[in-house]
Amino acid sequence: MKSLALVLTTLIVLLQYPLWFGKGSWHKVWLVDQEVTIAREENRRLQNRNIMLAAEVNDLKQGFDAIEEHARSDLGMIKQDEVLFQVIERNTSNTLPPNLDTDTLH
């Protein structure tokens, strides 16, 4: 009876081995599933980018508004008789501390 139990236990272990440690083990399947999930997210992100680029190309083909917008933002172009106001933000690292009096620097 003990030998039959040993044989059956050995058979169960031999049948379970590929499931746990073989070429198509559950761990490898889980890893591939994670890679597929990451690839799908990347594809979704790239599809959204492609849709935005296609819309931008369509705008550039359709009219001059998109071309003018790009010329203004990328090249800094202005129209004739137009005034450009450029706002330059102050760099806070070069300013004096608030408790330092400017009269003491002279």
Side-chain angles (χ1 to χ4, degrees):
M1 190 61 145
K2 287 185 178 184
S3 63
L4 181 61
L6 182 63
V7 169
L8 289 176
T9 304
T10 305
L11 281 174
I12 290 173
V13 169
L14 289 175
L15 289 173
Q16 290 279 324
Y17 181 80
L19 176 67
W20 295 96
F21 304 108
K23 188 175 183 178
S25 69
W26 66 270
H27 186 260
K28 289 183 183 178
V29 170
W30 181 77
L31 289 175
V32 169
D33 187 49
Q34 294 297 319
E35 290 175 4
V36 168
T37 302
I38 291 169
R40 283 185 178 147
E41 290 173 4
E42 179 71 12
N43 284 344
R44 196 172 310 124
R45 185 186 67 78
L46 291 174
Q47 284 174 342
N48 289 337
R49 187 195 68 173
N50 287 347
I51 289 170
M52 290 173 47
L53 288 174
E56 187 174 345
V57 166
N58 192 27
D59 284 346
L60 290 172
K61 286 182 179 179
Q62 294 294 323
F64 292 104
D65 291 338
I67 296 171
E68 182 180 341
E69 179 184 340
H70 276 284
R72 287 175 174 272
S73 65
D74 296 340
L75 302 175
M77 298 183 78
I78 58 173
K79 291 182 180 179
Q80 188 174 4
D81 298 328
E82 194 173 55
V83 178
L84 173 69
F85 292 96
Q86 186 174 10
V87 178
I88 301 174
E89 293 185 22
R90 175 181 254 178
N91 188 355
T92 58
S93 64
N94 293 336
T95 60
L96 296 174
N99 60 356
L100 187 62
D101 188 14
T102 57
D103 291 335
T104 60
L105 294 176
H106 296 286

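Fair warning: this is a prediction, and the values are worked out from it, not measured in the lab. Position 1 is the first residue of the sequence; numbering continues from there.
In terms of the salt bridge (charged side-chain N to carboxylate O under 4.0 Å, His left out) criterion, E69 has no residue partners (sequence neighbours excluded). Residues forming a salt bridge (charged side-chain N to carboxylate O under 4.0 Å, His left out) with K2 (at least two apart in sequence, or on another chain): none.
Taking Ile, Leu, Val, Met, Phe, Trp and Tyr as members and joining any whose side-chain heavy atoms lie under 4.5 Å apart, directly or through other members, the hydrophobic cluster of L75 also contains M77. In this structure, F64 belongs to a hydrophobic cluster whose other members, linked by side-chain heavy atoms under 4.5 Å apart, are L60, I67. The hydrophobic cluster analysis finds I51 isolated: no Ile, Leu, Val, Met, Phe, Trp or Tyr side chain comes under 4.5 Å of it, directly or through other members.
Within the structure, side chain to side chain donor-acceptor pair (under 3.5 Å) pairs that include any residue of residues 39-60 comprise E42-R45, E56-H70, N58-Q62 (at least two apart or interchain). For the salt bridge (Lys or Arg N to Asp or Glu O under 4.0 Å) condition, the pairs that include at least one residue of residues 73-88, sequence neighbours left out, are E68-K79, R72-E82. Applying the side chain to side chain donor-acceptor pair (under 3.5 Å) definition to pairs two or more places apart or across chains, none involves residues 3-12.
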Donor-acceptor contacts under 3.5 Å from residues 28-38 side chains, at least two apart:
unit_1: T37; atom_1: OG1; unit_2: D33; atom_2: O; d: 3.0

